[in-house]
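Report on the following structure.
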Amino acid sequence: MANYDNIEASITIDYISAACSKSRTTVSAVLRGEAKKYRISDKTAEQIRSTAEQLGWKPNFFARSLNKKKTKTIGVVFPDVFERFMGETIRGIETALQSADYRMLLSTSRFDWKEELYAIENFRYRGVDGFIIVPCADFTYTKQQDHAEKLIKQIGNIPCVILDRSIPKLNPLENGYGFVVQADYIAASNAVRYLAKSYNPKIIGYLGFNLKASSLQNRLAGFRDTTKELGITSQEILLDYQNSTAIDISSSLLILKQQKMLPLHWLVSTEGLSYRLASLLEDLGYRLGYDMYIARFGNDIPFFKTNFINIPQPHMTMGKTATELLLELINKRETLDHYRELPINIEVEIRGRHET
């Protein structure tokens, strides 16, 4: 066999054809994985693959993409990647992608729907095979009416999975998208029931962002319906700004305390807000896990217990599930159910007491 060790140029199919004395058509078919289709013997196919490996041949990504009309990449658009939720979700996405020899392009909208649309347009230009999108949500006071319409138009006919939440006028299933969420309503309801059963509070408070996101709206609905069902007085602090340090929280707590309506049992919609609430209540003289109790969507970091009542979200599983569903849509496999709702359990570890 000829010595090609010193060839500096990219190894082509023509080099391999000359090295093993086989036709270019035969070599091309074997390297495309179509030896059996064209009835090429196992011996010949093995000879070609062995020669290609010895020469250090690698397939031309762009040529194969044009051939198969797939780039083996997906576009992922998140509001941001700085919260633990997003990082763990990305890990789940990559786990599923790597096993399918896919890669992802990642962009963040920075909570701006125009940036979201631009990212999707950019990914379309780059030829992604599909999208996973966590849509950014406006606050309820905003009057933006055509976000969903423009989002649907920008996605076009590319396979897509909407992850974690929907927004007004976007029905993922009606548009043929996959839709992967967690059981937010049930989890919020169960958290309220746990607080009521364990501590028999007269008042339970709710703290969250006032966003037009189905996930947060379902948590709030679960809180409202269950406190009403149980006959428990409720107080709500809904923030109209993406700022956990906003003065709204501290001023609202002071007003409630002056009115003697300050809850010492809370459900908080996000992990970041739970720390802010606990800090402010501790400034008022209360201690977490002793005379105030906070159930929150979030989880303790490993090896450090905080006395929060945790509702750990299945971020990694959500990312993996969304990716597996998207790959089914890309490959046009018959998917029986485009909707996946993942369960959530409550975890309690307060002053050495552990419950699940």
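At distances below 3.5 Å, at least one donor-acceptor pair connects side-chain atoms of S251 with backbone N or O atoms of D248. No donor-acceptor distance shorter than 3.5 angstrom exists from the side chain of R296 to the backbone of S274, with no hydrogens or angles considered. With hydrogens and angles disregarded, no donor-acceptor distance shorter than 3.5 Å links the side chain of Q182 to the backbone of Q313. Between the side chain of N310 and the backbone N or O of P312 there is no donor-acceptor pair closer than 3.5 Å. With hydrogens and angles disregarded, a donor-acceptor distance shorter than 3.5 Å links the side chain of K212 to the backbone of T142. A donor-acceptor distance shorter than 3.5 angstrom exists from the side chain of S99 to the backbone of A96, with no hydrogens or angles considered. The backbone N or O of G127 sits less than 3.5 Å from a side-chain atom of T71, completing a donor-acceptor pair. The backbone N or O of Y194 sits less than 3.5 Å from a side-chain atom of S198, completing a donor-acceptor pair.
Of all non-hydrogen atoms in C20 and T51, the two that sit nearest each other are CB-OG1, 3.7 Å. For A45 against I40, the heavy-atom pair with the smallest separation is N-CG2, 4.2 Å. Closest heavy-atom contact between V27 and S17: CG2-CA, 3.8 Å. I232 and P201 make their closest contact through CG2-O, 4.0 Å (heavy atoms, listed as atom of the first residue, atom of the second, distance). Of all heavy-atom pairs between P159 and D129, the closest is CD-O, 3.4 Å. Closest of all the heavy-atom pairs between C160 and L329 is O-CD1, 3.7 Å.
No path of Ile, Leu, Val, Met, Phe, Trp and Tyr side chains, each step under 4.5 Å between heavy atoms, connects Y118 with I158, placing them in separate hydrophobic clusters. In this structure, F209 is not a member of the same hydrophobic cluster as Y185, with clusters built from ILVMFWY side-chain heavy atoms closer than 4.5 Å. Hydrophobic clustering (side-chain heavy atoms under 4.5 Å, transitive across Ile, Leu, Val, Met, Phe, Trp, Tyr) keeps M316 apart from V181. Both L256 and L254 belong to a common hydrophobic cluster when Ile, Leu, Val, Met, Phe, Trp and Tyr are linked at side-chain heavy-atom distances under 4.5 angstrom. By the criterion of side-chain heavy atoms lying less than 4.5 angstrom apart, applied directly or through intervening Ile, Leu, Val, Met, Phe, Trp or Tyr residues, I186 is not grouped with I311; the two fall into different hydrophobic clusters.
Using a cut-off of 4.0 Å between Lys/Arg side-chain N and Asp/Glu carboxylate O, K320 and E324 are scored as salt-bridged. Looking at R193 and E229, a side-chain N of the basic residue comes within less than 4.0 Å of a carboxylate O on the acidic one, giving a salt bridge.
A heavy-atom distance below 4.5 Å is not found between the side chains of E116 and Q154. When side chains are defined from C-beta on, K150 does not count as touching K114, because their heavy atoms never get closer than 4.5 Å. Looking only at side-chain heavy atoms (C-beta outward), K202 and T233 stay at 4.5 Å or farther from each other. Using a 4.5 Å cut-off on side-chain heavy atoms (C-beta onward), W113 and L151 make no contact. T89 places none of its side-chain heavy atoms less than 4.5 Å from the side chain of V134. At least one side-chain heavy atom of D42 sits under 4.5 Å from a side-chain heavy atom of K36. Side-chain contact check for C136 versus D112: every heavy-atom pair is 4.5 Å or farther apart. Residues P79 and M86 form a side-chain contact, since some pair of their non-hydrogen atoms from C-beta on lies under 4.5 Å apart.
Heavy-atom neighbours of E341 CD from other residues, nucleotides or ligands within 6.0 Å: above the threshold of 12. The environment of CZ in R126 is sparse: at most 12 heavy-atom neighbours from other residues, nucleotides or ligands sit within 6.0 Å. With a 6.0 Å radius and a threshold of 12 heavy atoms from other residues, nucleotides or ligands, Y141 has its OH atom above the threshold.
Atom CG in L195 sits 11.5 Å away from atom CG in N200 (nearest 0.5 Å). Taken from CZ in R24 to OG1 in T26, the straight-line distance is 11.5 Å, to the nearest 0.5 Å. With values rounded to the nearest 0.5 angstrom, R91 atom CZ is found 12.5 Å from I93 atom CD1. Atom CD1 of I249 sits about 5.0 Å away from atom CG of L207, to the nearest 0.5 Å. Interatomic distance, L97 CG to L327 CG, rounded to the nearest 0.5 Å: 6.0 Å. Interatomic distance, I204 CD1 to L264 CG, rounded to the nearest 0.5 Å: 11.5 Å.
Checked by atom type, the side-chain pair T25/S23 shows no donor-acceptor distance below 3.5 Å. Counting only N and O atoms by type, the side chains of S215 and D184 include no donor and acceptor under 3.5 Å apart. Between the side chains of Q54 and S50, at least one donor-acceptor pair of N or O atoms lies under 3.5 Å.
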For D225 and V192: C-alpha separation, side-chain torsions, deciding distance, then whether side chain to side chain contact (heavy atoms under 4.5 Å, CB included) applies.
CA-CA 10 Å; D225 291 348; V192 171; over 6 Å; no
Under the side chain to side chain contact (heavy atoms under 4.5 Å, CB included) criterion, do L262 and L284 qualify, and how do the steps go?
CA-CA 11 Å; L262 177 65; L284 294 176; 4.2 Å; yes
The test is side chain to side chain contact (heavy atoms under 4.5 Å, CB included); show your working for V76 and L163 and say whether it passes.
CA-CA 10 Å; V76 178; L163 178 62; over 6 Å; no
Would T321 and V161 satisfy side chain to side chain contact (heavy atoms under 4.5 Å, CB included), going step by step from the backbone distance to the final call?
CA-CA 10 Å; T321 301; V161 173; over 6 Å; no
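The ring-ring contact (aromatic ring centres under 6.0 Å, His included) pairs that include a residue from residues 255-286 are Y199-H265, H265-Y293, Y275-F308, where partners are two or more places apart or lie in different chains.
Between T317 and the options L342, T95, V180, a side chain to side chain contact (heavy atoms under 4.5 Å, CB included) holds for only L342.
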Can you give the donor-acceptor pairs under 3.5 Å from side chains of residues 165-179 to other protein atoms, not counting sequence neighbours?
unit_1	atom_1	unit_2	atom_2	d
R165	NH1	P135	O	3.1
S166	OG	L170	O	2.5
N171	OD1	L173	N	3.2
N171	OD1	E174	N	3.2
N175	ND2	N171	O	2.9

